[in-house]
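Counting starts at 1 for both ligands and their atoms, following the listed order.
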Amino acid sequence: MTILIENIKQLVLTEEKPRKFVKGKAMADLNSIADAWLLIRQGKIADFGRMKELDKSDVLFETEDVKVLDATGKLVFPSFVDSHTHLVYPASREIEYVDKIKGLSYEEIARRGGGILNTARKMQEISEDELYEQAMQRLNEIISLGTGAVEIKSGYGLSTESELKMLRVIKRLKQDSPLTIRANFLGAHAVPAEYKGRQTEYVDKVISEMLPQVAEEGLADFVDVFCDKGFFTIKDTERILEAGQKYGLRGKIHANELDYSGGIQAGVKFNALSVDHLEYTGDAEIEALLASETMPTILPGAAFFLGMVYAPARKMIDAGLPVAMASDFNPGSAPSGNMQFILSMASIAYRLLPEEALYATTLNTAYAMGISDVLGSIARGKIANVFITKPIPTLEFMPYAFGSNKVETVILNGQVVHTEKC
Ligand SMILES: [Zn+2]
């Protein structure tokens, strides 16, 4: 299938020379083409340019079956890349959220069925098929909102059997969904109740029982640890990252959400692909990140939902760092995978320019998933994951008009997979 999109009001985030990621001042510098065309052939971005220079006899083969889409008044963006989610889960947790509003304590909430440990209990009970169906619905929703690639974590299993169940579901989703998906093994998400007071023993189990099976079945692309105050220690984290390296699994870890925990430095030390959350990031953490290839990744949805302090994104970019932003889609602290909202949060709450916000949710998140060579921008040869907006005035309108769906037509792997038009 060949698709020619013509009369594009603005073709956003084009690259002549694709980069791995963009950092510091360069994040404010975004290439776009006004009055443009985009050619997609065999699932890839074949070519693009200005309408006035388009010679169809030049770019199209005579025998080709070409679908022509008219994008008059509309913009075309590279699909969002969501590099941090927990979207395979057995049940939503809205009652717990209301209990929190009512001021119930953590213990009361846990007694009434809230918290990670209760999700873990439900995970043990749910069938693999039911888990798959629920997750597929969530994937279809994020596709309609403009996401083209997503990382999904395990971590609600907390037993070998349940962790493998989650990862097998992610493997099936990888095969069946048009999204580009990467799996992250998060056995060390929380200490299960039966291991209370025996955290090191649980870490031993993650390393010597879970990891080998995950690796043998080829179920994960990355390994993750919740490294923070009250969760896993630096020592636990380093042991797991080191063990992951032996199986060729690079780290992508939860760090510095609750304290200056040293998690960022531990991630950098083991060359983690990303460190995520980062509410507690000071000069020492920025210094460590500047000397690394680790992508600092902020999760605005969780900070917003929990009413936490916001990570110092502006300070990080001004210091010369790259910044990525992902949804953290999960039932406890970020029950939304809407990357249009994350883009808006980037500008509204974190004071990023629209250009910086776009890099943070596309190219830089693609790097944080190890896929920026094939996704995250409009570049020749990359996978054709793009969306066409509804008629909107400008690129700046995308973060500005928060809360409404601006995406009209979604193309993944060079196929139209969703459209809002009747
Ligand atoms: Zn998370």
Side-chain angles (χ1 to χ4, degrees), residues 80-90 92-93 96-97 114-120 123 135 138 142 147 149-158 163 166-167 170 181-191 206 220-232 236-237 240-241 244 249-259 261 263-264 266-267 272-281 294-311 323-339 341-342 345 360-361 365 368-369:
F80 293 114
V81 175
D82 192 352
S83 63
H84 183 134
T85 82
H86 308 251
L87 66 73
V88 169
Y89 57 83
S92 57
R93 282 161 47 183
E96 163 187 346
Y97 150 79
I116 291 180
L117 298 182
N118 279 296
T119 296
M123 183 61 78
R138 292 179 199 121
I142 64 172
T147 295
V150 64
E151 180 251 35
I152 312 173
K153 299 171 195 296
S154 69
Y156 293 125
L158 306 183
E163 282 296 301
M166 285 189 78
L167 289 166
I170 300 170
I181 296 175
R182 291 290 179 270
N184 193 349
F185 168 56
L186 175 57
H189 194 189
V191 179
V206 168
D221 303 292
F222 307 108
V223 64
D224 199 339
V225 183
F226 197 146
C227 174
D228 226 319
K229 192 171 90 178
F231 287 83
F232 293 91
D236 297 335
T237 304
I240 292 169
L241 290 179
L249 300 179
R250 220 168 147 188
K252 274 173 64 65
I253 68 169
H254 289 71
N256 295 54
E257 178 185 6
L258 308 170
D259 199 1
S261 59
I264 291 176
L273 189 53
S274 72
V275 286
D276 301 20
H277 273 297
L278 315 186
E279 278 72 13
Y280 291 87
T281 300
T294 300
M295 179 60 69
T297 302
I298 293 168
L299 309 172
F304 170 67
F305 189 83
L306 297 175
M308 292 192 296
V309 293
Y310 290 135
V323 162
M325 291 198 180
S327 77
D328 198 18
F329 195 179
N330 79 79
S333 61
S336 165
N338 185 347
M339 287 295 284
F341 178 67
I342 299 305
M345 283 285 295
T361 50
T365 35
M369 277 177 70

Could you go through the side-chain hydrogen bond (donor to acceptor under 3.5 Å, both in side chains) check for His254 and His84 one step at a time? CA-CA 10 Å; His254 289 71; His84 183 134; 3.1 Å; yes

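- Among Thr297, Ile253, Asp224, the one residue that satisfies the side-chain contact (heavy atoms from CB on, under 4.5 Å) test with Asp276 is Thr297.
- Neither side chain, Ser261 nor Lys229, offers a donor N or O lying under 3.5 Å from an acceptor on the other.
- Within 6.0 Å of the CZ atom in Phe304, the count of heavy atoms belonging to other residues, nucleotides or ligands does not exceed 12.
- Side-chain contact of His277 with Asn256: a donor-acceptor pair under 3.5 Å is absent, judged by distance alone.
- Inspection of the environment of the Zn ion (ligand 1) yields the following protein N, O or S atoms under 2.8 Å: His84 NE2, His86 NE2, His254 NE2, Asp328 OD1.
- Considering Arg250, Lys252, Glu151 in turn, Lys252 is the only one that fulfils the side-chain hydrogen bond (donor to acceptor under 3.5 Å, both in side chains) rule with Ser274.
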